[in-house]
Amino acid sequence: MGILEVKDVNKRFGGLKALTDVNLSVTENTVHAIIGPNGAGKSTLLNCLVGKLIPDTGSVMFDGHSVLGRKPFEINQMGISRVFQTPEIFGDLTVMENMMIPLFARRDGAYRLHAFRSVASEAELRERAEAMLEDVNMLDKRNMHSASMSRGDKRRLEMAMCLVQEPRLLLLDEPTAGMARADTNNTIDLLKEIKAKRDITMAIIEHDMHVVFSLADRITVLAQGTPLVEDVPENIKGHPKVQEAYLGEHA
Amino acid sequence: MFGLGKKDVTLFLIVAVMALFAPFILNPFPTDSGLAQFNAGYPDLMQRFVIFGILAIGFNILFGLTGYLSFGHAAFLGVGSYAAVWMFKLLSMNVLPAIVLSMVVSGLFAVVIGYVSLRRSGIYFSILTLAFAQMSYNLAYSVLTPVTNGETGLQITLDDPRVLGQSATADGGIPVTNLFGLEMRSFETLDIGPWAFQFSVGYYVAAVIMLISFYLAIRIFRSPFGMTLRAIRSNQNRLYYTGLNARPYTLAAFVISGMYAGLAGGLLACMDPLAGAERMQWTASGEVVLMTILGGAGTLIGPVLGAGFIKYFENIFSKINDQVVHGWVSFLPDGLEDFVVALIHPFVGKGWHLTLGLMFMLIVIFLPGGLVEGGQRIARRLRRRPAEEPAKSASTEPAE
């Protein structure tokens, strides 16, 4: 039984069937990649997991609880953190402040932030934030205004913001989309580092299958809204169905 | 100290000293000198400085932190005033219950307006708050006449019940507002040489309340709540995916800010116990926006400076009439004198709005961070000169 169980999920937008009978199971402490060509329904699936969309039929269970009908912040409080395609950070805040907000959210819950206790007095949370920044090699940038950083650093910061919450499941939405080759490799290295340093469950949505081969423990190939195959990376590469789905791109 | 960081303690002490010694600081010119008209150290104006300072501090908690631009804050000011005057009419002339009621009523008012208006953001939010404020103004002006006394304004009279006080004083006059017997309007004059300094009870009551408000605002700015409010302005989407619901926090900021405005309105009524609908007009809402932007939105001290700046212009600049200008340029030959006076005329006296408007434009264009940014630039320039010498103190500042 996986930590995330997607059962018979269907979603249509008017006449378009975006997802058809999607079944997916993500096991704890594995990296599970969901790949597929453009229009395969990857983003729709992800949005069903984080509370942005509600499937027409089917169920999405996280750790035995349904996430359907819950709002994004409630799903985050259940233990799912999300990294966006383009880094979403608090641009007006410093790097350190960006790190403190997820920590407050985790410790105090969605509704119970302190209005009079000083942020400066939170030594313990500050240490955790610094340790996390150290982990992603950003400690020296902690007082920087986060909007002025490079895209690669923003990606690192966003990742650190998600990881510092110690999520039970980390969702990544095309973390290398639109990146130059060098940035893509950096991101892959960062993810590998993260995976090596801690027990973590990750689900990565990715268009480019080469990105995930060295990273994923299991790969699900999605095409036209439905899973084609699910297997370990070695078996995916030469699979005839996958070749067919990606025909013209990597064939 | 007091749960504040070192920098904030310094800032607070500066404001405290300025507020407590305002009767001296604002009265730099001897009473019978020609410049005496630029003195702002009389009780009525000093009270306005601190009361509108409170209004701007509260407005800044909403606008400066969350970025939600309310264009209807005058409604809370007016509601606070009406609540306070009703307290004077029904309960007693003590200002304490009046202040408490004005905060409670404006807080409730803010919950309702905020709950509806915060469903939208940006320009739509501003328009919604503006619509609410105009509705309140028109209600106060005509429909709710039994409560607000319409265009005459709500005043205290000799036949008010005042169950805990007296309807009329022993000699048949209307009692005055007081704090446990200390009359708001009473003042002492201290003569030192040619100077006359006035210390009014009303001013000091308002100043102490302003300092408390300022202290609370610092605490809010430095708290996780305040940081989250800035995060709301920055990226609401990220906030929702970080496990926080932006809605209740924004509403809390709106209500706090509305209560600050209600407090300011209540204090205005304490100093002069009448309340009129014009206090709720949209120009009054616009004024607090100007104060905050002029001083520096999102900074702690900015709104207070902005409030002082605008109130000074309104009360001092508007008093410079053609005669005064003639006095200044009397050394010029006659024809030239008239010409110069005609030139200056549109900018002073009744034309003070023109000067204020020009100053506002200059500040917004050249100092988008308001007066505070101007101060920072000057400080940086002054510091750079000694810093060019080897003194290179690479102090690691703690992140906030």
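Sequence lines set the chain letters: A, B, ... in the order given, protein chains first and strands last, and positions in each chain run from 1.
If you take OG on A:S118 and CG on B:D8, they are separated by 8.0 Å, rounding to the nearest 0.5 Å. One distance of note links CD1 of A:I101 with CZ of B:R230; it measures 7.5 Å at 0.5 Å rounding. The line from CD of A:Q77 to CG of B:N245 is 10.5 Å long, rounded to the nearest 0.5 Å. Note that the CZ atom of A:F90 and the CD atom of B:Q236 stand 10.0 Å from one another [nearest 0.5 Å].
The candidate with the highest count of non-hydrogen atom pairs below 4.5 Å against chain B, out of A:L93, A:I75, A:I80, is A:L93. Between chain B and the options A:M78, A:K71, A:E158, the largest number of non-hydrogen pairs under 4.5 Å is found for A:E158.
Other residues, nucleotides and ligands place more than 12 heavy atoms under 6.0 Å from the CZ atom of A:R198. For B:Y124, the OH atom sits in a loose shell: 12 or fewer heavy atoms of surrounding residues, nucleotides or ligands are nearer than 6.0 Å. Heavy-atom neighbours of A:R151 CZ from other residues, nucleotides or ligands within 6.0 Å: above the threshold of 12. Heavy atoms from other residues, nucleotides or ligands lying under 6.0 Å from CD1 of B:I123 number 12 at most. Atom NZ of A:K197 is surrounded by more than 12 heavy atoms from other residues, nucleotides or ligands within 6.0 Å. Within a 6.0 Å radius of OH in B:Y115, no more than 12 heavy atoms belonging to other residues, nucleotides or ligands are found.
Ring orientation note: the planes of B:Y241 and A:F84 are nearly perpendicular, at an angle over 60° on the 30°/60° scale.
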Please assess B:M227 against A:V119 for the test side-chain contact (heavy atoms from CB on, under 4.5 Å), listing each intermediate value before the final yes or no.
-> CA-CA 8 Å; B:M227 194 189 264; A:V119 173; 3.6 Å; yes
Assess whether side-chain contact (heavy atoms from CB on, under 4.5 Å) is satisfied between A:N76 and B:Y240, documenting all intermediate values.
-> CA-CA 8 Å; A:N76 173 281; B:Y240 278 113; over 6 Å; no
May I have the step-by-step check of side-chain contact (heavy atoms from CB on, under 4.5 Å) for B:R238 and A:M161, ending in yes or no?
-> CA-CA 10 Å; B:R238 176 33 89 197; A:M161 287 165 72; 4.1 Å; yes
Would you give me the side-chain donor-acceptor pairs under 3.5 Å for residues 48-56 of chain A, sequence neighbours excluded?
{"from": "A:D56", "atom 1": "OD2", "to": "A:R12", "atom 2": "N", "distance (Å)": "2.8"}

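Nearest heavy-atom pair across A:I89 and B:N235 is O-ND2, 3.0 Å. The heavy-atom pair separating B:S223 from A:F116 by the smallest distance is CB-N, 3.9 Å.
Interface remark: A:V83 contributes backbone atoms only to the contact with chain B (heavy atom separation under 4.5 Å). Contacts between B:Y249 and chain A at a heavy-atom distance below 4.5 Å involve the side chain alone, from C-beta outward. For chain B, no part of A:R107 is nearby; none of its heavy atoms comes within less than 4.5 Å. At a 4.5 Å heavy-atom cutoff, B:L229 makes no contact with chain A through either its backbone or its side chain.
Side-chain contact between B:L244 and A:F73: absent, with no pair of heavy atoms (C-beta onward) separated by less than 4.5 Å. Within the 4.5 Å cutoff, side-chain heavy atoms of A:F104 are placed close to those of B:P224.
When each of A:P102, A:P72, A:S81 is paired with B:T242, the side chain to side chain contact (heavy atoms under 4.5 Å, CB included) condition holds for A:P102 and for no other.
A donor-acceptor pair is defined here as one N or O able to donate and one able to accept, closer than 3.5 Å; such a pair exists between the side chain of B:S234 and the backbone of A:G91.
Heavy-atom neighbours of chain A within the stretch residues 250-263 of chain B, taken at a separation under 4.5 angstrom, are nonexistent.
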